[in-house]
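To find a chain, count down the sequence lines: A is the first, B the second, and so on, and within it residues start at 1. These numbers were taken from a predicted model, which means no experiment stands behind them.
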Amino acid sequence: MTGAVSSELSRFSSAATCADLHLLTRQNSFRACDYDLAATLTSGQAFRWNARRDSWVGVTHGRWVRLQQQGEIIVAESALAQTDWQWLADYLQVAVNLETVLATFPCDEPMRAAIKACRGLRLLRQDPWECLASFVLSSTKQIGQIRQIVATLCERYGAPVAVPTDEPPPFAFPPPDRLAGLTETELRACKMGFRAPYLLATARLVKEGKCDLQQLSRLEIAEARAQLLALPGVGRKIADCVLLFACGFPAAFPLDVWVLRALRELYYKGNHPTVARLRTFSETHFGPNAGYAQQYLFHFIRTKSPKYIFS
DNA sequence: ACCCAGGCGCTTT
DNA sequence: AAAGCGCATGGG
């Protein structure tokens, strides 16, 4: 923690408890049982968190945040005093009882191994636009490269965000309106290559209200998915990422090359199931929180399998 | 010099 | 319907 925080009032509560008192704090603590913050922030669902010595620094909801896990407590520090920390509680999903989620997973050997290795891994609840735009940029890119593209995009076109002294200046994720006003050339200069026209067209459609991202969570999953699939550069995989990481559909199951790899190796060893077969399997085997299970398989195969050394 | 990387969209079988 | 291919860019 920096010295600037020391004079601030600190408290420990569920996020909204003290909002009525209009307490202004730059620091807040969240009870977070069964929460592995590091695994969660590095598991490829969000691309804007940077590791410090013993904390994580990022921008979400247009605010700079530093997070530090201290056992079953997550301590959050903001740049500006906050009266209400619900936005961060929602983002981190600290109110989710992980045990209840894990109890819905199938009781097979691969899931047991993934749970044992990744216990505490969580799903965040991200801003739909940032999530959508980030994953439009993700195709055939490694996570480190996605992070770099997103960082460049934010540095060039995001609004500056307040930070404590001695912190480098960060930027918010640029909203649809901002990107919609750019040219394809400007986007390509952020090194996103052939993804530039997709992002530009999608930003313009969202700006025009052709897809109301804020309303997706209120729809049936099939309808929400159909609306996302209508956007250029958004196929089944990216649509499911947005449904799972931003719209609160825990059954959405993004089938990417890593998860396909995991399913083949863990459930179909020696066979050669088609993608169609694996999709059917993913939709029938993992239950109401299939997306959570997917995240466990994804993180498990990438970080715990000796076959795949990964940065 | 190759080959691959958290896809998508379009064309060809 | 399934499979192939181009699309930028960067890293091993």
Margin query: Taking dC3(B) as the reference, what is the distance to dC5(C) when you measure between their P atoms (whole Å, please)?
Written below: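 Those two atoms are separated by 13 Å.
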Check: Does any pair with a residue in residues 270-291 of chain A pass salt bridge (Lys or Arg N to Asp or Glu O under 4.0 Å), and if so which ones, sequence neighbours excluded?
Finding: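 Passing the test, one end in residues 270-291 of chain A: Arg236(A)-Glu283(A).
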Is there a side-chain contact between [X] and [Y] in this structure, where contact means two heavy atoms from C-beta onward sitting under 4.5 Å apart?
X: Leu278(A); Y: Tyr268(A); value: yes
X: Leu216(A); Y: Gln227(A); value: yes
X: Leu121(A); Y: Gln295(A); value: yes

Check: Hey, does Thr202(A) reach any base, or is it just sugar-phosphate, or nothing, if we go heavy atoms under 4.0 Å?
Finding: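 Thr202(A): no heavy atom of the nucleic acid under 4.0 Å.
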Next item on the list: For each nucleotide in nucleotides 7-12 of chain C, reading 5' to 3', give B when a protein heavy atom comes within less than 4.0 Å of its base, S when such contact involves only the sugar-phosphate, and - otherwise.
Entry: BBBB--
Euclidean distance, atom [atom1] of residue [X] to atom [atom2] of [N] [Å, nearest integer]:
X: Phe135(A); N: dA5(B); atom1: CZ; atom2: C1'; result: 15 Å
X: Ile149(A); N: dG7(B); atom1: CD1; atom2: C1'; result: 13 Å
X: Arg302(A); N: dC4(B); atom1: CZ; atom2: C1'; result: 16 Å
X: Ile146(A); N: dC8(B); atom1: CD1; atom2: P; result: 12 Å
X: Asp256(A); N: dC4(B); atom1: CG; atom2: C1'; result: 15 Å
X: Ile301(A); N: dA5(B); atom1: CD1; atom2: P; result: 13 Å
X: Leu228(A); N: dG7(B); atom1: CG; atom2: C1'; result: 15 Å
X: Leu132(A); N: dC8(B); atom1: CG; atom2: C1'; result: 14 Å

Check: For Leu229(A) and Phe47(A), take the nucleotide of DNA chain B holding the closest heavy atom to each; which residue's nucleotide lies nearer the 5' end?
Finding: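 Checking each residue's closest nucleotide, the 5'-ward one belongs to Phe47(A).
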Item checked: Under-4.0 Å salt bridge between Arg119(A) and Asp34(A) ->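 Salt bridge: yes.
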Check: Does the pair Asp240(A)/Arg225(A) count as a salt bridge with the N-to-O cut at 4.0 Å?
Finding: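 Judged by the 4.0 Å cut-off on N to carboxylate O distance, Asp240(A) and Arg225(A) do form a salt bridge.
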Next item on the list: Under 4.0 Å from any atom of DNA chain B, heavy atoms only: list the residues of residues 231-240 of chain A that qualify, in numerical order.
Entry: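 Here the set is Leu231(A), Pro232(A), Gly233(A), Val234(A), Gly235(A), Arg236(A), Lys237(A), Ile238(A).
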Note to self: Once you measure the plane-to-plane angle for His61(A) and Trp87(A), does it fall in the parallel (<30°), tilted (30-60°) or perpendicular (>60°) bin?
What the structure shows: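 Ring orientation, 0 to 90° scale: tilted.
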Next item on the list: Take the angle between the ring planes of Tyr198(A) and Phe194(A) and call it parallel below 30°, perpendicular above 60°, tilted in between.
Entry: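 If you compare the ring of Tyr198(A) with that of Phe194(A), the planes turn out perpendicular.
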Check: Of the options Phe298(A), Tyr91(A), Tyr292(A), Phe135(A), which is the one that meets Phe245(A) in a ring pair (Phe, Tyr, Trp, His ring centres under 6.0 Å)?
Finding: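 In the set Phe298(A), Tyr91(A), Tyr292(A), Phe135(A), the residue that makes a ring pair (Phe, Tyr, Trp, His ring centres under 6.0 Å) with Phe245(A) is Phe135(A).
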Checklist line | Connected via hydrophobic side-chain network under 4.5 Å: Leu179(A) and Val59(A) | finding: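 No.
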Check: Choosing from dG6(B), dA2(C), dA5(B), which nucleotide comes nearest the side chain of Ala276(A)?
Finding: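 Looking only at heavy atoms from C-beta outward on Ala276(A), the closest nucleotide is dA2(C).
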Kindly list each side-chain donor-acceptor pair under 3.5 angstrom involving residues 185-192 of chain A, sequence neighbours excluded, with atom names and distances?
unit_1    : atom_1 : unit_2    : atom_2 : d
Glu186(A) : OE1    : Thr183(A) : N      : 2.8
Glu186(A) : OE1    : Thr183(A) : OG1    : 3.3
Arg188(A) : NE     : Glu184(A) : OE2    : 2.8
Arg188(A) : NH2    : Glu184(A) : OE2    : 3.1

Margin query: Does anything in residues 291-300 of chain A come within less than 4.0 Å of DNA chain C? Heavy atoms only, and list the residues if so.
Written below: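 By residue number: none to list.
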Check: Under the side-chain hydrogen bond (donor to acceptor under 3.5 Å, both in side chains) rule, what pairs show up with a residue in residues 151-161 of chain A, not counting sequence neighbours?
Finding: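 For residues 151-161 of chain A: Gln148(A)-Thr152(A).
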